[in-house]
Amino acid sequence: KLLNLERLRSLSKRDADSGNAVSILPDATAFVLVSDDGLEVKISHRALINRMAWFWRVYPFRIGQIAYAHHPINSSHFIYELLVPLLEGIPVVLADEQTASQPRQVLKQLASNRVSRITLEVASLRLLMDALQTDEELDLLNLRHCFCYGGIESEDLLKFQKWIPDANLIGFYGAME
């Protein structure tokens with residue numbers, strides 16, 4: 001399903017013109033993360049926008065790039081892997097739950113959709129590299145940026161450079177902890 005930004009803008013303008021606009025304060029909660037042990041972390045609108053603005057400034061998108069969203073919808077990774085590109089006008093390929101859990105299917109989806117950006121945890125990166133090693137026919141020539149949460153080790157980097165030599169592997173150690 002497509003998100004029609006022009007329709008959202010017109011609805012937003014209509015609401016603002018009619019006096020029905022809702023005021024959102026920067027420090028109000030945008031969303032709540034819940035850890036496996038039940039700890040709740042509130043993320044403010046200010047923090048959400050600051051992180052996205054930082055990302056856009058440090059890792060700007062280029063015309064023709066395609067992003068990939070495969071994390072569960074209730075995870076912070078999903079929020080960022082969806083909103084960061086969409087708000088810059090970059091299309092996002094959405095993986096369903098079944099595809100996202102199968103490394104070979106993820107690789108096929110990346111290749112067939114010419115995805116240029118993906119966000120992974122280190123464990124997922126290792127599974128993709130192992131799957132790629134067994135299926136050398138997959139063309140990931142469009143992949144340019146792989147953002148990875150967790151501790152990337154030398155072996156991970158060597159495999160990545162071997163199998164996807166034209167892409168950048170960017171570590172975000174501690175970014176979500």
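Treat the numbers as computed from the prediction; the structure is a model and nothing was measured. Numbers here are sequence positions counted from 1.
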- How long is the span from the CG atom in Leu169 to the CD1 atom in Ile164, to the nearest 0.5 Å? 8.5 Å
- Item | Side-chain donor/acceptor of Glu81 to backbone N/O of His70, under 3.5 Å | yes
- Aromatic plane relationship, Phe55 with Phe172 - under 30° parallel, 30 to 60° tilted, over 60° perpendicular: perpendicular
- Can you tell me if CD1 on Ile73 sees more than 12 non-hydrogen neighbours from other groups inside 6.0 Å? no
- Are the side chain of Asp156 and the backbone of Ile152 linked by a donor-acceptor contact shorter than 3.5 Å? no
- Note on the structure: Note: Ala69 and Val92 closest approach over all heavy atoms is CB-CG1, 3.7 Å
- Message: Under the criterion side chain to side chain contact (heavy atoms under 4.5 Å, CB included), I'd like the reasoning laid out for Leu110 against Ile118: C-alpha separation, chi angles, the key distance, then a yes or no.
- Response: CA-CA 9 Å; Leu110 294 174; Ile118 186 171; 3.9 Å; yes
- Message: Give me the atom names and distance for the closest heavy-atom approach of Ser44 to Pro26.
- Response: CB-O, 3.7 Å
- Task: Kindly indicate whether the side chain of Leu157, heavy atoms from C-beta on, has any atom under 4.5 Å from the side chain of Gln161.
- Result: yes
- Message: So, taking the atom named NE2 in His71 and the one named CG in Leu120, what distance separates them when rounded to the nearest 0.5 Å?
- Response: 6.5 Å
- Task: Would you mind reporting whether Phe31 and Ile79 have side-chain heavy atoms less than 4.5 Å apart?
- Result: yes
- Hydrophobic cluster identity match, Leu140 and Trp163, side-chain contacts under 4.5 Å: yes
- Query: In Å and rounded to the nearest 0.5 Å, what is the CG to CG distance from Leu107 to Leu128?
  - Reply: 5.0 Å
- Message: Checking Lys159 against Asp130 for the salt bridge (Lys or Arg N to Asp or Glu O under 4.0 Å) test, could you report, in this order, the C-alpha distance in whole Å, the side-chain angles of both residues, the deciding distance, and whether it holds?
- Response: CA-CA 9 Å; Lys159 280 185 180 180; Asp130 290 345; 3.2 Å; yes
- Item | Chi angles and distances behind the side chain to side chain contact (heavy atoms under 4.5 Å, CB included) call for Phe61, Val84 | CA-CA 10 Å; Phe61 289 95; Val84 169; 3.7 Å; yes
- Query: To the nearest 0.5 Å, what is the distance between CZ (Phe160) and CG (Leu132)?
  - Reply: 9.5 Å
- Item | Minimum side-chain heavy-atom gap Tyr149-Thr119 below 4.5 Å | yes
- Okay, side chain of Arg144, backbone of Leu141: is any donor-acceptor separation there less than 3.5 Å? yes
- Interatomic distance, Leu83 atom CG to Leu48 atom CG [nearest 0.5 angstrom]: 6.5 Å
- For Ile170, does its backbone N or O pair with a side-chain atom of Asn168 as donor and acceptor, under 3.5 Å? no
- Note on the structure: What one should report as the nearest heavy-atom pair of Tyr68 and Ala95 is OH-CB, 3.2 Å
- Side chains of Leu87 and Trp56: does their closest heavy-atom pair fall under 4.5 Å? yes
- Using modelled atom types only, decide if a donor and an acceptor are shared between the side chain of Gln65 and the backbone of Ile90 within a distance under 3.5 Å. no
- Query: Taking atom CD of Gln109 and atom OG1 of Thr99, what is their separation to the nearest 0.5 Å?
  - Reply: 5.0 Å
- Is it possible for you to check whether Arg117 lies under 6.0 Å from the centre of the six-membered ring of Phe147, through NZ or CZ, and within 45° of that ring's axis? no
- Message: Within the supplied structure, the quantity of interest is the number of heavy atoms (other residues, nucleotides, ligands) at a distance under 6.0 Å from Arg126 CZ; does it exceed 12?
- Response: yes
- Message: Hydrophobic clusters here meaning ILVMFWY residues chained together by side-chain heavy-atom distances under 4.5 Å, can you tell me if Leu158 and Leu143 are in one?
- Response: no
- Message: I want to check something: taking the side chain as every heavy atom from C-beta on, are Val32 and Ile43 in contact at a cut-off of under 4.5 Å?
- Response: no
- Task: Begin from the C-alpha positions of His77 and Glu121 and carry the test side chain to side chain donor-acceptor pair (under 3.5 Å) through to its verdict.
- Result: CA-CA 10 Å; His77 296 311; Glu121 293 82 19; 3.3 Å; yes
- Message: Testing the basics here: between Cys146 and Leu125, what is the closest heavy-atom pair and its distance to 0.1 Å?
- Response: SG-CD1, 4.2 Å
- Taking the side chain as C-beta and beyond, is there a heavy-atom pair between Leu82 and Leu94 under 4.5 Å? yes
- Message: Using a 3.5 Å distance criterion without hydrogens, assess whether the side chain of Ser116 forms a donor-acceptor pair with backbone atoms of Ile66.
- Response: yes
